[in-house]
Structures are given as C-alpha cells and as structure tokens.
Amino acid sequence: MMKRKSLCVHFYYVPSELRRWQIHVLERLAAEPGVSIGLAAATSHPAPPLGLDRLFAFERLFVGRDEETAADRVEPPAVPSLDRAPDLVIDLAGDAPARPGATVLRPSILGLPPLEGALAAVLEGRVPVLELEAIAPDAAPRALARWAVGVEDRRNTLRAVSQILGRLAHMILATVDGLRREGGAPGFFLADAVAPARRSALVAPTLLIRSLEARIARKLDRLVRTPADWRVMWRRRDPTTPLLAPHRDPTPFRLLPDDGGRFYADPFLWHDAGRTWLFLEEFPYATGRGVLSVAEIDADGAVSTPRPFLEQSCHLSYPQIFAEGGEVWMVPETSGRRTVELWRAVALPDRWERHAVLIDDVDLGDATIERVGDGWWMFGTSRDPWCSSWDALHVWHAPSLQGPWTPLDGAPVKVDVATARPAGRMIATANGLLRPVQDSSLDYGCGLALTRVDRLDETGFSETVLARFATPKPLLGLHTWNRVATGSAWIETMDVFARAADFGAERPLDLTPERPSPEAAAIFET
C-alpha cells in the first residue's frame, strides 16, 4: 500500500449552511492517519434558494423515504482548535482567504457554488459537471478534477441533489488522497468544455411544480397508451460490412416480442455446438425482480420464447458469458447482494452452478471481465454512498479467473456518466482493446459509445472515446451491444428503450456515429 504524506486540512464553512455531504468529507478525512483537521467559519454567504428545505421535507413525505441524504442540514461538529497553519484549505463557502503556504481547494458545479449548481442541473435538465479548482500561492488556479456525474431520478429534487452532492464529496476525498500520494493528485478530466449554468431564482414552488408535473405525466402515459420499456433486438449481420461499423449494415433488426407482463434487457450471445443462444435479463412486472432467461436463435433467424433458467433472492441482470479452461462461465450482475459471482455451466444453456464469489461486499454494476495477456481484468461501476451507479468506473485485476482480485489503487479510475459504465463484452482488435460503454448523461441508456483502452496495468488506466452512437428515432434509449460468430455469419444484438408500436417486428436503424475520432475510421474497417 502506498504511503500518504501528513497533511493539515482546514475547512472554511458557513455554520448555518452545513450539509451532510460536507460533514462526511470532514469525518472521513479526520479518520485518516496523518491528517489533522481545523475549522474556520465564514462570516457571510448568500442564502440558499427560498423554501428549499421545506421542499425537501415535503418530498420526504411525498415519496415515503426518511433515509439520510447528502443534502440534509446538520449541526457543526466538535473539532479541537489547531494552532498549526494549514497545508490545504477546503473552501465550502466560496470565498476563503488566501493563507501563506496553503493551497485552497474550491468545489463548484456547472461553475456555481455546489448547492446552487446542483439545483440548476436538476431544474435545467443538464449533466452535472463537478469541478475542483486548486488555488496555490503565486500560481494560476487550475482544475485538479472535473467529473460528469449521473442523476437517476430528476423528478425527486432531494434525491437528485443528494446524488450530485454525494459525488462531490467523493471527488474531494479522492483528490485529497491523490495530493497525499507521491506524484500529486489524480486527474479526472473530460474532453468537453464546461459551460456555466444560468443564475436563476430557484425557489421551492418552481421545483415542486416541475416535480409533480413529471410524476403526473408518467402516470398518465402508462394509463392511456402502451408504455415504453426495454426491448431486445437482434439481426444477422451482412458479411460484406465491417463488424464494428453497425451503421454500414442496412439489415433490419428483429424485435424479441413480449407479452406485456415483462421486459427483456441486457442481451448476450453464445454459440456452441452449432446452436446460438440469446441470454438476457427478464423482468416480470409482477415480482419487480430480474431473473435470467435464455432463448434460441435458429439458422433462419427465428427466436424461441425466452425461458427463465436462474432466479435468486436478488435482482439478476447482465449475464456475461465466456469460456476459459475448457469450461463455460457466467458473471451475472448480483449487485443487490453486494457480490461479484462466478457461475459455471453444468449443461448449456440452462443448468448453472455458483462456483465462487470473486469480490465480496461491493455494489458493482455490469461487471465485465476480460483476459488480457496473462492476466484478468474486471470493469464495473460502483454505487458509492448517496451516488449514482452510472458514472464511477472501477477496475480490478487478477492473475487468474479465480483471483485474488485487486482493485487499482486510487479508484475510481474515471468518473464520467457518458462513458464509464460497461455496455457489453469487450472487443479485441488489431487496433487495440475496445470497450462498448453506456451513455446515461441525459437519462439511463440514452446512447452508446465506443472507447479504446490506451493504458491498462497495475498502476493505472486510461482510454480514448472513439465514437458515440445516439439513439435512433423514434426509439428512446440504446443500452447494450454484443455479437457472436456463428461460423457462417455474425449475429448482433442490442437492447433499446421503446414502445413496441414504434418498432414493429423489424426495423432498420440508423446507427451512424456522432463525431467519430480520426482513429475510429481504421477500427470501423476491422
């Protein structure tokens, strides 16, 4: 384990405006060996939006939740006074004075103070971009970290704001940890520039009306017409078109029909002994918990009705299947019981046994495993306290499939709601290892992207976004992308968020990438 440098940290805060996320940062740092903490109270600060805390209290009653959130008001903690000058000042008020020899860390969201910026992101439907600026003596300010984060339910202002502020707490802790390491702070930068938010009169009535309007519209939508939901589609690829260029294949996709009592999602394909199997998540509305099901795609492209083959006490999804050592394995998502599990095929396609727990006590979304050289690598997004599970990429490595699995130091390796979460099996090409990823910047599964892994070793990870695939209209979401060779052709599958009436039994889709990078051209020809 890498040693950390000792550090004296002062918190510059507004006593009347302390929120739980701020105390979380303070308490976590105070518990770190080698870190001493001091408090400095600001004398003035703009008032929060009018009636905001009343809105938060109303929403607790309205949605029936009483758990702690990152946005809760709290009392100042009892912290011993320090005579030592700070090495670092965390500016929670936005106007901390300079201190000789100290670096000031100033957080912001969309260029605004944290609470105001979080509210602006929720109201304006924007991706919350968090930034942590370092202001050092006799040096120009510079951004140490910039993260684009996920918001899972914008209709609930309290929960949405809490997720944003919770990730901001995570950002500050990760950056301070980086500053204590040899070599300085980690950089979580986004390629896109950050446009500042508008300063607007954010008041409780506006927030409340928008929240209620969204809830009512959703309920009416379900009552008066067939609701949109996740649906699985597949096609047999034209062998004359490049496999990694779905936009160059005009072959229409076929839709996997459902009976209206369930949805299908997270499709993976497996070809064995001349037969092609479609593994997927089946979500019956009656139980509200996902199971794993399998269907067969015959040589003519017809598909059987999916049948469940694995049900557990937790939600199951994302059945990634692969071969190793003469066996067929599956790593389904079991984040509901905070495990990553390895299952072995006893008899394909529907008899499986749990072989091992690879990682315990972690809430990891869409764990994706890949063998690279002599080692194994696992990618997935974690749900940290208060935060979304869409935006923080964690990477583990192991000498063998059985483990032991070790996280890369300094996790998460990346925070970006548009490219962090895996979206299917990784793709080895002559141009490098490619990662299909989910884009949930505007809503869950609003698009796909393809990244190239540039660095992958036990000391670090980096990747480049090659192309982004927007959801083709009239569909509303695009989520997972997988493919399998069948001997004579390739079969490709995706899941989409759509109404069945908007899709039909078959549909050609325009999957032309948006703003592909120059490097993508060679890869699309692979």
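Here the structure is a predicted model, which means the values were calculated and not measured. Hydrogens, waters and symmetry mates are skipped; everything else that's a heavy atom, side chains included, is used.
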Open item on the list: Is the shortest side-chain heavy-atom distance between Arg154 and Val151 below 4.5 Å?
Closed with: yes
- [ ] Determine yes or no for a side-chain-to-main-chain donor-acceptor pair under 3.5 angstrom, with Glu152 supplying the side chain and Ser389 the backbone.
- [x] yes
TODO: Examine distances only and state if a side-chain atom of Ser108 and a backbone atom of Arg106 form a donor-acceptor pair shorter than 3.5 Å.
DONE: no
Task: Sequence-distant partners of Glu341, side-chain contact (heavy atoms from CB on, under 4.5 Å), two or more places apart - done: Thr334, Arg337, Thr339, Trp343, Arg354, Val357
Open item on the list: Tell me which pairs pass ring-ring contact (aromatic ring centres under 6.0 Å, His included) where either residue lies in residues 357-387, with sequence neighbours left out.
Closed with: His24-Trp386, Phe322-Trp376, Trp377-His397, Phe379-Phe461
Open item on the list: For Tyr318 and Phe268, take the angle between the two ring planes, folded into 0 to 90°, and tell me which bin it lands in: parallel under 30, tilted 30 to 60, perpendicular over 60.
Closed with: perpendicular
Task: OG-CD distance between Ser162 and Glu68, expressed to the nearest 0.5 angstrom - done: 10.0 Å
Task: Separation of Phe11 CZ from Ile90 CD1 (nearest 0.5 Å) - done: 4.0 Å
TODO: Take atom CZ of Arg455 as the centre, draw a 6.0 Å sphere, and report whether it contains more than 12 heavy atoms from other residues, nucleotides or ligands.
DONE: yes
SB check [X] [Y] (cutoff 4.0 Å):
X	Y	answer
Arg421	Glu333	yes
Arg167	Asp391	yes
Asp53	Arg19	yes
Asp360	Arg338	no
Glu17	Arg73	yes
Arg371	Asp374	no
Lys414	Glu463	yes

Task: ring-ring contact (aromatic ring centres under 6.0 Å, His included), paired with His479, selected from Phe497, Phe263, Trp390, Tyr444 - done: Tyr444
